[in-house]
Amino acid sequence: MKLLLDKTGREALAKTVVQWRLALDPSDEEKHGPFAMLKRADRAQLRRCETPDDVLLQSAFHRLMQELQRQQLAVRADELALAVGVAAHAQHAPGKAFARSLGRKNDSGRAAMSELRFRQLQTCRDEASFFRQARRAVDLLGGEVDVGKLAVDLLQWAREFRQPDAALPPTERLKLRWATDYYQESLRDADQEPA
C-alpha cells in the first residue's frame, strides 16, 4: 500500500487544511485566498454533520476539495470528508499532536482520554464509529489540536482501514504511531509523579 502522499504532499495538504479551517473561524476578520468566501454558517453546518457522507454535501467541503485538486493533491473525497468532518470540531493549535495530547495528564492526574477509550478509538471496526469517536476525542482536548497534522493522520487512517497491507512496516502504520505517542506521553507524566 502506498502512503497517502509523499512528505511534500502531506505538508502541502496540512497547510491547505489549516488555511481552510482558519477561514471557518468566526474570529478571522481578514480572509484572503481561496477560502475567503467561507462563513461562520459553513462551520456550523459541518459541525452538525453526523457522518462523513453528510460532510460530502457541504459547500465548504467542496471548496477545500477544489483547492486540493488545483494544487494537484490527489485525495479521495470520501476520505477527505472523514478528516475535515472531524477537523471542523477543532481549533488550530500548531504543533499540538493528537494522540500525544490524548495521553497527556490534566491537573487531576488523568489522561485527556482514558486508556480504554483510546483502545476503542484504535480498534474501531467501521468508519462511522471511528468518525464519532475521533470527534469525541477532539472534544476531550477542548478542540485544541494541530488541524493540518490531524487531517493527514485521519486520511492515513481511512487509507489503512480500507486497504490493509500486511507488507507495510509497522513503524509506518498510523495505529502504532498513535499508540507510541499516547503511551509515551501518559507514561512520561506517570514517571514524573512523586512516589
Side-chain angles (χ1 to χ4, degrees), residues 3-5 7 10-28 43 46-47 49-50 52 55 79-80 82-161 168-195:
L3 287 177
L4 177 67
L5 297 165
K7 184 179 182 202
R10 288 191 307 269
E11 289 171 355
L13 178 105
K15 181 180 177 184
T16 303
V17 170
V18 168
Q19 290 172 341
W20 172 83
R21 176 55 196 89
L22 292 175
L24 293 169
D25 194 337
S27 66
D28 187 10
R43 180 172 183 227
L46 286 164
R47 289 175 58 93
C49 293
E50 294 183 20
V55 175
E79 294 172 352
L80 183 64
L82 182 143
V84 301
V86 173
H89 288 262
Q91 296 293 329
H92 181 55
K96 192 164 183 182
F98 180 64
R100 187 171 302 279
S101 297
L102 291 173
R104 189 164 291 131
K105 301 274 196 301
N106 59 24
D107 293 337
S108 66
R110 293 187 171 157
M113 176 179 261
S114 72
E115 186 175 350
L116 176 62
R117 281 194 179 201
F118 180 72
R119 281 196 310 256
Q120 289 171 342
L121 174 69
Q122 288 278 74
T123 57
C124 284
R125 297 192 189 278
D126 62 76
E127 292 180 26
S129 65
F130 179 79
F131 181 75
R132 285 189 306 276
Q133 289 192 41
R135 284 182 14 187
R136 283 187 202 129
V138 167
D139 291 342
L140 288 172
L141 297 175
E144 294 184 8
V145 66
D146 188 311
V147 172
K149 289 179 182 176
L150 175 65
V152 170
D153 281 358
L154 295 174
L155 286 167
Q156 184 177 347
W157 182 91
R159 183 69 47 93
E160 289 178 10
F161 179 80
L168 183 68
T171 56
E172 293 182 23
R173 295 180 186 164
L174 180 69
K175 286 183 178 186
L176 177 60
R177 185 163 44 86
W178 274 5
T180 301
D181 286 352
Y182 177 88
Y183 289 113
Q184 280 183 347
E185 189 65 26
S186 65
L187 295 174
R188 182 184 66 80
D189 287 349
D191 291 343
Q192 294 176 354
E193 292 175 3

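A salt bridge links Arg159 to Glu79: at least one charged side-chain nitrogen sits closer than 4.0 Å to a carboxylate oxygen.
When side chains are defined from C-beta on, Arg104 does not count as touching Ser186, because their heavy atoms never get closer than 4.5 Å. Residues Asp146 and Leu150 have side chains not in contact (no heavy-atom distance under 4.5 Å, counting atoms from C-beta outward). No side-chain heavy atom of Trp178 sits less than 4.5 Å from a side-chain heavy atom of Leu102. In this structure the side chain of His89 reaches within 4.5 angstrom of the side chain of Asp139, judged on heavy atoms.
With sequence neighbours left out, the side-chain hydrogen bond (donor to acceptor under 3.5 Å, both in side chains) criterion links Arg100 to Asp181. Residues that satisfy the side-chain hydrogen bond (donor to acceptor under 3.5 Å, both in side chains) test with Asp107, not counting sequence neighbours, are absent from this structure. Partners of Arg135 under the salt bridge (charged side-chain N to carboxylate O under 4.0 Å, His left out) rule, at least two apart in sequence or in another chain, do not exist in this structure. Residues passing the salt bridge (charged side-chain N to carboxylate O under 4.0 Å, His left out) test with Arg110, sequence neighbours excluded: none. For Ser129, the side-chain hydrogen bond (donor to acceptor under 3.5 Å, both in side chains) partners at least two apart in sequence or on another chain are Asp126. Under the side chain to side chain contact (heavy atoms under 4.5 Å, CB included) criterion, Ala87 pairs with Val147, not counting sequence neighbours. In this structure, Thr171 has no side-chain hydrogen bond (donor to acceptor under 3.5 Å, both in side chains) partners at least two apart in sequence or on a different chain. Scanning for salt bridge (charged side-chain N to carboxylate O under 4.0 Å, His left out) contacts around Lys149 gives an empty result, with sequence neighbours left out. Legend: residues meeting salt bridge (charged side-chain N to carboxylate O under 4.0 Å, His left out) with Glu144, ordered by chain and number and at least two apart, are Lys96. Looking at residues two or more places apart in sequence or on another chain, you find a side chain to side chain contact (heavy atoms under 4.5 Å, CB included) between Ala14 and Val152.
Counting heavy-atom neighbours within 6.0 Å of Glu11 CD, excluding the residue itself, gives a total above 12.
Contact between Ala111 and Gly103 at its shortest, heavy atoms only, is CB-O, 3.8 Å. The shortest non-hydrogen separation linking Leu176 to Pro170 is CD2-O, 3.2 Å. The two atoms that bring Cys124 and Gln133 nearest to each other are SG-NE2, 3.7 Å, heavy atoms only. What you find for Phe98 and Ala137 is that their closest heavy atoms are CZ-CB, 3.6 Å.
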Under 3.5 Å, which donor-acceptor pairs link side chains of residues 112-121 to any protein atom two or more places apart or in another chain?
{"residue": "Ser114", "atom": "OG", "partner": "Arg117", "partner atom": "N", "Å": "3.1"}
{"residue": "Glu115", "atom": "OE2", "partner": "Arg119", "partner atom": "NH1", "Å": "3.1"}
{"residue": "Glu115", "atom": "OE2", "partner": "Tyr183", "partner atom": "OH", "Å": "3.2"}

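Residue Leu82 holds its CG atom at 8.0 Å from CG of Leu155, rounded to the nearest 0.5 Å. Separating the CG atom in Leu141 from the CG atom in Asn106 is a distance of 11.0 Å, to the nearest 0.5 Å. Rounded to the nearest 0.5 angstrom, Gln91 CD and Leu24 CG are separated by 10.0 Å. Separation of atoms NZ (Lys105) and CG (Leu187) is listed at 7.0 Å; rounding is to 0.5 Å.
Checking side-chain atoms of Arg43 against main-chain N and O of Ala88 turns up a donor-acceptor pair under 3.5 Å. Of the possible polar contacts, one joining the Glu160 side chain to the Leu174 backbone as a donor-acceptor pair under 3.5 Å is found.
Applying the ring-ring contact (aromatic ring centres under 6.0 Å, His included) test to residues at least two apart or on different chains, the pairs with a partner in residues 123-142 are Phe130-Trp157.
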